[in-house]
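One structure is given here, and the rest of the page talks about it.
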There are 2 protein chains.
Amino acid sequence: MFNDENRTICAISSPAGMGAIAIVRLSGENSIKIASKLLSNKDKFFSLEHGKMLYTQIFGEDGKILDDVLLVKFIAPNSFTGENTVEIYCHGSEYIQSQIIITLINYGASVAKPGEFSFQAFFNSRIDLSQTEALADLISSSSRESHRLAINQMKGHISSEIAELREKMLELVALMELELDFGEEDVEFADRTKLSEITLELIERTSLLISSYKYGNAIKSGIPVAIVGEPNVGKSTLLNALLKDERAIVSHIPGTTRDTIEENLIIEGLKFRFIDTAGIRNSDDLVEKMGVKRTFENIEKSQVILLTIDANIVDSQTFEFISSIKSKINDDQYLLILLNKSDTVNNLNDEVFTKLADTISVSAKTRFNLDKLEQKLINWVKSLKTSESDLIITSSRQLELFQNINISLVRAKEGIDKGLSGDFVSQDLREAMYMLGEITGHITNDDVLGAIFSKFCIGK
Amino acid sequence: MFNDENRTICAISSPAGMGAIAIVRLSGENSIKIASKLLSNKDKFFSLEHGKMLYTQIFGEDGKILDDVLLVKFIAPNSFTGENTVEIYCHGSEYIQSQIIITLINYGASVAKPGEFSFQAFFNSRIDLSQTEALADLISSSSRESHRLAINQMKGHISSEIAELREKMLELVALMELELDFGEEDVEFADRTKLSEITLELIERTSLLISSYKYGNAIKSGIPVAIVGEPNVGKSTLLNALLKDERAIVSHIPGTTRDTIEENLIIEGLKFRFIDTAGIRNSDDLVEKMGVKRTFENIEKSQVILLTIDANIVDSQTFEFISSIKSKINDDQYLLILLNKSDTVNNLNDEVFTKLADTISVSAKTRFNLDKLEQKLINWVKSLKTSESDLIITSSRQLELFQNINISLVRAKEGIDKGLSGDFVSQDLREAMYMLGEITGHITNDDVLGAIFSKFCIGK
């Protein structure tokens, strides 16, 4: 995907726009030579120590001062990319930033594609593919928990688990193929019970990774929460009440449809994406029907459904309504009934609701029980965590590969248990190993690389 | 304005938002001590050499890894601010950026106000006030010429001119006051003709600076160009044709009024702000009248007026129209008549127009003569430059002070020429010197400082 690995690339690595300081990064064999052309005193730069900052003027092609900057060089292989790298810390005017890039291009550098620095790091084995994915996650992390998962993965938690799995598989394959070599002599070298046990362990460990995805993905993408209910039960008041408390870290996202408001809210380091939907009502009105259809779509794509009811108006219709919502919900979703406006109701008996789904009395207006509501949300997310292990995958690419690895392993175990010949079993194991290699990028194909690196921002 | 000079300040110095790398800057006596709390191996950081980068993990207050970063420290006074400074180059996730700031605050740092790092640099005499203003200009510079002016001023061109002016004034004052000391003996020590000559030189040099402002301000703010004309003469086509050629550096700015479109265009390194106005037509319609009123307001606030005429429809009304526009224009503005759609007219005689104002035949549609139009704009801007000197001021604050200095000098010269007593003359000279000190910030007041530093972005 990055065709010419010998090129020297450059990009603005700081966030886009104007600021006090911006960073221009150059990587490639010629980066030091190219960067030196910006200076009048090149020798000073050539003799500059690795990792030591140089305060200097840089000049444009016309010989005029471009800026006063700090320059640093990192000598291969001791840089992020593993190549010679130069970083320029310039004044953050957009004009200066673009002029430096233009000048470097004229001196022989190429504009880096998104993720190209990281690709070089991967290409030079500074990080593996799973760490590369974690790096992209790290940069886009917006909550404590998504940050923590990305850090763990970047530190190689998954990578070392994969290394262990791979080692065990290699051991299995070796034993199976040994059996194969001597197959004609009809001797069984390996203890098949032992092999079956090892395979079972591998199956269990990959299953754990597979089941971690549900939590990992919820953390990485934020947990979608639909607030649904009939009109005027206080859905928007509830959303506002929830947001108010955390307004410092609230961001507004334009809804995908005009009638849906989506708001991000971070509670105890977890990101929730609240979707305030149109009120649901049985109606013959076409426009309202469309709103209801959209609400059902929102339910479908949410993980948590806050079914909001006006505790003052509970009648047979209420239960019909709850049933209709329940029929739309699957086992992976969490339905929580909110008996709102409970501050104006005396002796509310919620037993009839708790039989239908988890229920809590709240008042969006007086903020009664909103803390408990938040706690219920947190607890549900935590319940997605299938183990205390920090081995949590967040990438759908990795999920799919681990699922296929798991299938191969199950097949291998069946073969072992049924006493199938070693070549059948070892083929399944080799398949699994191949897919492990795809996760870390030791085995790659361009489509996969393209998909991963295109998620990066420019300059990384 | 920044009350406690002993505090240690921190801020994100890279542009706002997500990116590959972000920069957090700490400045103040305790910045090294505070930053060290992020590390597990503090000794390594304490013994780190000035200006040398350290690749390290940093930790949050909970002891968990926050990020892998590059850290650098600059020991006072060899830093931008003149204080101990630490810079942290972290992954550019917004979560990480905010967590580092929050952690540093909990460790004793304060959030820097906009411009506070620059204020410290000024306070510690690393740069003077005129250079500080240039620094703010540099960061917001968006064209080659505005960048060049800011660089020149930052390099101290104005500052050294002021130093020279000040020295000459000091010399004058000394001579005048020497005369004063011996005044009662009725001896004239100084050669008044010589003094008058020196004062005249000072007047001429400050006049040059004053007249440079017209160019300096045009460059810094961009030159407002109003495109005016009757409806359907091709104003918008013209604007689009001009923009098309330079679309890479065009930005869209929402107009101040709903009916005015403002577009920035950089031609040969100079920024023009084109204002496409509503067509002017004599009309009884109230709404149209309001549009016309707005057009006249736009003419008033523009420096260049492109009066656009359909060359196919030239009649007595056309000349009435030109007269009405001319009556609105003052000597500092540049009126250029554009005979548009000239591609569809044979043998157009423009002599009748050139008598009224500078005129050029163009065709927005075929792009005929648009290059010449651009050249006329460039030439006019260059004509604002009153000398070849690089001493160009861009700050209205400096303009006002130089104007007052000039007045004091003129008064001083009159006193010298009229043979007034030395104490009168020296008072005027001392006033002028005081105001010079205000320009460089050697003499300051809080209101002025507040106004200057509030223009900075956070982190600078």
Side-chain angles (χ1 to χ4, degrees), chain A residues 11-23 25 49-55 57 60 64-68 70 72 74 78 80 87 89 91-99 117-118 135 137-144 146-148 150-152 154-155 249 266 456-460, chain B residues 11-23 25 49-55 57 60 64-68 70 72 74 78 80 87 89 91-99 117-118 135 137-144 146-148 150-152 154-155 249 266 456-460:
Chain A
I12 294 160
S13 286
S14 42
M18 189 190 84
I21 310 176
I23 304 171
R25 179 147 63 165
E49 207 183 314
H50 170 94
K52 174 98 185 171
M53 281 187 149
L54 173 69
Y55 179 63
Q57 287 188 342
K64 289 188 181 151
I65 299 174
L66 203 52
D67 200 8
D68 289 347
L70 284 166
V72 68
F74 300 104
N78 296 314
F80 169 66
E87 287 183 8
Y89 306 94
H91 286 107
S93 120
E94 294 188 65
Y95 176 79
I96 291 176
Q97 295 181 42
S98 63
Q99 279 309 111
F117 291 97
S118 300
L135 190 55
D137 286 354
L138 184 69
I139 290 170
S140 61
S141 68
S142 59
S143 70
R144 190 185 65 215
S146 61
H147 169 259
R148 194 178 68 82
I151 285 274
N152 281 343
M154 226 177 70
K155 291 288 152 204
I249 34 176
I266 305 213
F456 273 84
C457 51
I458 290 272
K460 189 67 206 176
Chain B
I12 294 160
S13 286
S14 41
M18 190 189 82
I21 311 176
I23 304 172
R25 179 146 66 165
E49 208 184 313
H50 170 95
K52 173 100 186 170
M53 281 188 151
L54 174 68
Y55 179 64
Q57 287 188 340
K64 289 189 180 149
I65 299 174
L66 204 51
D67 200 8
D68 289 348
L70 285 166
V72 67
F74 300 104
N78 296 314
F80 169 67
E87 286 182 9
Y89 306 94
H91 286 106
S93 118
E94 295 188 65
Y95 177 79
I96 291 176
Q97 296 181 41
S98 65
Q99 278 309 111
F117 291 97
S118 300
L135 191 54
D137 286 355
L138 184 69
I139 289 171
S140 61
S141 68
S142 58
S143 70
R144 190 185 65 216
S146 62
H147 170 259
R148 194 180 67 85
I151 285 275
N152 281 344
M154 227 177 69
K155 290 288 153 204
I249 34 177
I266 305 213
F456 273 85
C457 52
I458 291 271
K460 189 66 205 176

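Below, each value reflects all heavy atoms present in this structure, side chains not excepted, and no hydrogens, waters or symmetry copies. Here is how names work: the chains are called A, B, and so on, in the same order as the sequence lines, proteins then strands, and each is numbered from 1.
When the candidates A:Arg148, A:Arg144, A:Gln99 are compared by the number of heavy-atom contacts under 4.5 Å with chain B, A:Arg144 comes out ahead. The greatest number of non-hydrogen atom pairs below 4.5 Å with chain B, out of A:Glu49, A:His147, A:His91, is found for A:His147. Highest contact tally toward chain B, considering only A:Met53, A:Gln97, A:Met154, A:Arg25, is held by A:Met53 [criterion: heavy-atom pairs under 4.5 Å]. With chain A as partner, the option from B:Ser118, B:Gly19, B:Ser140 having the largest number of non-hydrogen pairs under 4.5 angstrom is B:Gly19.
Proximity to chain A (any heavy atom under 4.5 Å) is shown, for B:Ala11, by neither the backbone nor the side chain. Only the backbone of A:Ser142 has a heavy atom closer than 4.5 Å to any heavy atom of chain B. Heavy atoms closer than 4.5 Å to chain A are found in the side chain of B:Ile23, but not in its backbone. The contact between A:Leu135 and chain B is made entirely by side chain atoms (from C-beta outward), counting heavy-atom distances below 4.5 Å. Of the two parts of A:Ser143, only the backbone, made up of N, CA, C and O, holds a non-hydrogen atom closer than 4.5 Å to a non-hydrogen atom of chain B. Interface remark: A:Leu54 contributes no atoms to any contact with chain B (heavy atom separation under 4.5 Å). Contact annotation for A:Ile65: both backbone and side-chain heavy atoms come within less than 4.5 Å of a heavy atom of chain B. Of the two parts of B:Tyr55, neither the backbone nor the side chain holds a non-hydrogen atom closer than 4.5 Å to a non-hydrogen atom of chain A. The part of B:Tyr89 that comes within reach of chain A is its side chain, from C-beta onward, which places non-hydrogen atoms under 4.5 angstrom from that chain. Using a 4.5 Å cut-off between heavy atoms, A:Ile151 touches chain B through its side chain atoms alone.
Atom CG in B:Asp68 sits 9.0 Å away from atom CD1 in B:Ile96 (nearest 0.5 Å). Between atom CG of residue B:Leu138 and atom CG of residue A:Asp67 there is a gap of 5.5 Å, rounded to the nearest 0.5 Å. Atom CD1 of B:Ile139 and atom OG of A:Ser93 lie 8.5 Å apart (nearest 0.5 Å).
Of all heavy-atom pairs between B:Lys460 and A:Ala20, the closest is CB-CB, 3.4 Å. Of all heavy-atom pairs spanning B:Ala16 and A:Pro15, the tightest one is O-CB, 3.7 Å.
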Item to check | Step-by-step side chain to side chain contact (heavy atoms under 4.5 Å, CB included) determination, B:Phe74 to A:Leu70 | outcome: CA-CA 12 Å; B:Phe74 300 104; A:Leu70 284 166; 3.8 Å; yes
